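Since the structure comes first, as structure tokens, the remarks are kept for the end.
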Amino acid sequence: MKMGIQATWLLLLTLGFLSAITPTAAQSFKCSSPTPCTSIVDYVSPNATTISAIKTLFGIKNLRSLLGANNLPLSTPATQPVAAKQKIKITFPCFCTNGTGISNKRPLYKVVPDDTLYHIAAEVFSGLVTYPQIQAVNNISDANNIEIGQELWIPLPCSCDEVDGEKVVHYGHVVDAGSTVEGIAQQYNTTEDTLLKLNGLASPNDLKAAAVLDVPLKACTSIVSTSSMDYPLLVPNGTYIFTANNCVRCNCDAANNMVLHCEPSHINSSSWQSCPSMQCQGADNLYLGNSTVSTCNRTTCGYAGYLNNQTILANAVVESTCSVRESSATKFSTQAWRWNFLLIFVQLVLFSLHLSL
Ligand SMILES: *[C@@H]1O[C@H](CO)[C@@H](O)[C@H](O)[C@H]1NC(C)=O
Ligand SMILES: *[C@@H]1O[C@H](CO)[C@@H](O)[C@H](O)[C@H]1NC(C)=O
Ligand SMILES: *[C@@H]1O[C@H](CO)[C@@H](O)[C@H](O)[C@H]1NC(C)=O
Ligand SMILES: *[C@@H]1O[C@H](CO)[C@@H](O)[C@H](O)[C@H]1NC(C)=O
Ligand SMILES: *[C@@H]1O[C@H](CO)[C@@H](O)[C@H](O)[C@H]1NC(C)=O
Ligand SMILES: *[C@@H]1O[C@H](CO)[C@@H](O)[C@H](O)[C@H]1NC(C)=O
Ligand SMILES: *[C@@H]1O[C@H](CO)[C@@H](O)[C@H](O)[C@H]1NC(C)=O
Ligand SMILES: *[C@@H]1O[C@H](CO)[C@@H](O)[C@H](O)[C@H]1NC(C)=O
Ligand SMILES: *[C@@H]1O[C@H](CO)[C@@H](O)[C@H](O)[C@H]1NC(C)=O
């Protein structure tokens, strides 16, 4: 008995010691989708920096994609200061490998004098990755042997999986001290259960400050066609993006019923000589982003995607603006109640049968 207790203590101590020196692999997100996607992660710079320096660090091509992910005005200069510890959202390409998601060959970090893998992981990239993760994807056999000028792929955590059968954008949320799973769930309109399950947490008490939590962001609904080059266009709440070779700008705002709103961007196309006409199919007098209101109907010209042959698809979407026919909704819920009642009744009958047997 005594021996058993001592052995248990020894085991616990050893385990505690191991977990103290082994960097947690907690920031690996489950990912098994065969299709790559776009993900978001929070970057908390340890030092005061600028938008431009962050753009370079993460190898982001266009300033506007960084501004869009953070819902900053398009006029924000690259020199805009970022305070130490300020959170900046980074958008990056993601793919699944071996059951976890990692950023797709990006960012690439060039080793400078006095760097160590630990410093790069824990400080430069603020603990979004661990040094063994950098070591593994870069096939480095000796962590103490990296060369100045060597380019390292930093595998940011991400996922491309659907959540509860819904396409979402996975957001690596850096947990603030004092926040709760319930609070985070509420803020991003998901459930505590979903967050716990997604992050392999047994209880809400297991949430740790500074951990990177996988939060599924709902994207705005859109009418983008499956044949479009940017299908499925997933724009999460509180962000904007440019698509159709930069010709179209789309915003997602929960205040707009989570319906994607797109309009001509008025910036030069990245690939086409000029941006094509964005006239609406089904409402020739309208162009992308326009809407008209007639009795009880609002017709909006919505973005439906783009094709490589310099075509932008725009389709009319009609919404009813008058008060919805409440009677049918009421009828439906009454019917649902009747069904529930019937089921309860059947169960009661079965239950009493069971008792009498
Ligand atoms: C995938 O996991 C297996 C076993 O867990 C491991 O042997 C292999 O090296 C991993 N592959 C990659 C690319 O990480
Ligand atoms: C932050 O500043 C300190 C002191 O100036 C410096 O040692 C450290 O390398 C900086 N960290 C980064 C990520 O630039
Ligand atoms: C990793 O390195 C080992 C030995 O250095 C080599 O045999 C292997 O091909 C490398 N793998 C990749 C993916 O570069
Ligand atoms: C949408 O984003 C706003 C601002 O970023 C936030 O206040 C709101 O809670 C979010 N709503 C949903 C449903 O995610
Ligand atoms: C939050 O999500 C639920 C279910 O997915 C949805 O019905 C509700 O409208 C959403 N709330 C907001 C503010 O988007
Ligand atoms: C856009 O293109 C026009 C001509 O095609 C050019 O004059 C203008 O400078 C370009 N604007 C930007 C911001 O590149
Ligand atoms: C339609 O949208 C274009 C460009 O966004 C705008 O210039 C035009 O005034 C709009 N027309 C109507 C009828 O709203
Ligand atoms: C409103 O749209 C519906 C179809 O969505 C159409 O049947 C109806 O005629 C429209 N009403 C008006 C006033 O335009
Ligand atoms: C582009 O391709 C689509 C479908 O393949 C076709 O319907 C359309 O006419 C083409 N447009 C142009 C400008 O070639």
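Start at 1 and go down the list; that is how both ligands and their atoms are numbered. Just so it is clear, the model here is predicted, and its values are computed rather than measured.
If you check the side chains of Asn251 and Arg249, you find a donor sitting under 3.5 Å from an acceptor.
Atom CG in Leu57 sits 12.0 Å away from atom CD1 in Ile88 (nearest 0.5 Å). Taking CD from Glu319 and OG1 from Thr299, the interatomic distance works out to 9.0 Å, rounded to the nearest 0.5 Å.
Near ligand 9, residues Leu307, Asn309, Thr311 come within 4.0 angstrom through at least one heavy atom.
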Evaluation steps, side-chain contact (heavy atoms from CB on, under 4.5 Å), between Ile140 and Leu152: CA-CA 10 Å; Ile140 295 170; Leu152 299 176; 3.6 Å; yes
Asp230 and Ser228: CA distance, side-chain angles, deciding distance, side-chain hydrogen bond (donor to acceptor under 3.5 Å, both in side chains) verdict: CA-CA 5 Å; Asp230 56 1; Ser228 172; 2.4 Å; yes
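Heavy atoms of Gln187 found under 4.0 angstrom from ligand 4 belong exclusively to the backbone.
Relative ring orientation between Trp153 and Phe95 is described as parallel, the plane-to-plane angle staying below 30° on a 0-90° scale split at 30° and 60°.
When the SG-SG distance for Cys262 and Cys250 is compared with the 2.5 Å cut-off, it comes out below that value.
Note: an N/O pair closer than 3.5 Å links Asn237 and ligand 4 by distance alone.
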